[in-house]
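Just below is one structure, and these are the notes that go with it.
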Amino acid sequence: RVRQPGRPQAEARAQFAEQLVGVVSHDLRNPLAVIHMSASLLQRTGSAEQKEAALARVMRAVQRVQRLLGDLLDFTQARMGSGLAVRKSPVDLHQAIADAVAELAVAFPDARLQHERSGAGLCQADADRVVQAVGNLVANAVSHGARGEPVTVRTASDGADFHVSVHNTGPAIPPEVLPRLFDPMVRGQDAGSKGVGLGLYIVREIARAHGGRVGAASTAGPGTRFTIHPPLAVAGS
């Protein structure tokens, strides 16, 4: 006889699935509307500047959809499988993250991004996954941080431990939210946050896949800092 899951668990799963579909549907609607309106604009006669601006809006909207779908795929893999897959190899995380910050500065032209580094950078890590985690944290910092203030990405090694942190000033994350901040579909400071609420969950899973962890500290004065402790620095680096 096959044992059926308990009614409370089944109801909780159904409710979670319903919430996820609702949030995804809402978050897909906005970029798709931008694509539709921009495409309609391109069909009309307009100046080269107007067409260029419309194309730029289309590209940003497509990137938002791609990020959302990528988050959903990672969420499914982490939730239904045995965690996110990572491929570790020797990599200079200082340089990998410096390159990522330069790319993120293009994606967030209104933000002030800066990168600081110290110590050795050679680690056993999946650079693509670590860069993905940094991208999620930077997007979160830009969304919630004080406008015009810098978002600082720091990579540091003391010879035994390598960590990556992302810091921003601005409103503190409410204390009651901090304990569940890395749970799926928790949206930080306010319910109006952009995204499906999987970004920080995926950061946690990337850290776990490396045998590490991620933490957050947030107060009104010093601001908010997320810190990832992925792998140890490679010996002799």
With a 6.0 Å cut-off on the ring centroids, do F162 and H94 count as close?
yes
Find out whether [X] and [Y] are in side-chain contact, i.e. whether some heavy atom of one side chain is under 4.5 Å from a heavy atom of the other.
| X | Y | value |
| --- | --- | --- |
| E116 | T152 | yes |
| V177 | P174 | yes |
| K88 | H210 | yes |
| H115 | I97 | yes |
| T227 | R225 | yes |
| L200 | N140 | yes |

[X]-[Y] co-clustered via ILVMFWY side chain contacts under 4.5 Å:
| X | Y | result |
| --- | --- | --- |
| L104 | L137 | yes |
| F226 | V131 | no |
| V153 | F108 | yes |
| V130 | L113 | yes |
| I228 | I173 | yes |

Would you kindly say whether Q95 and D99 are connected by a side-chain donor-acceptor distance under 3.5 Å?
yes
Looking just at side-chain N and O atoms, do S218 and T224 make a donor-acceptor pair shorter than 3.5 Å?
yes
Between V164 and R154, is a side-chain contact (heavy atoms from CB on, under 4.5 Å) present by the stated rule, with each step listed?
CA-CA 6 Å; V164 183; R154 190 167 191 268; over 6 Å; no
I206 and Q132: CA distance, side-chain angles, deciding distance, side-chain contact (heavy atoms from CB on, under 4.5 Å) verdict
CA-CA 9 Å; I206 290 172; Q132 178 186 3; 3.7 Å; yes
Got a donor-acceptor contact below 3.5 angstrom from the D126 side chain to the V86 backbone?
no
Can you tell me if R112 uses its side chain to pair, donor with acceptor, with the backbone of G148 under 3.5 Å?
yes
Does T169 form a side-chain contact (heavy atoms from CB on, under 4.5 Å) with V151? I'd like the steps, not just the answer.
CA-CA 8 Å; T169 57; V151 172; over 6 Å; no
Could you give me the CA-CA distance, side-chain angles and deciding distance for R204 and D183, then say whether salt bridge (charged side-chain N to carboxylate O under 4.0 Å, His left out) is met?
CA-CA 9 Å; R204 184 185 71 184; D183 293 342; 3.5 Å; yes
What do the steps show when you test N168 against H144 for side chain to side chain donor-acceptor pair (under 3.5 Å), and what is the final call?
CA-CA 8 Å; N168 66 271; H144 296 297; over 6 Å; no
From CA spacing to verdict: side-chain contact (heavy atoms from CB on, under 4.5 Å), L122, V91:
CA-CA 5 Å; L122 190 60; V91 59; 5.5 Å; no
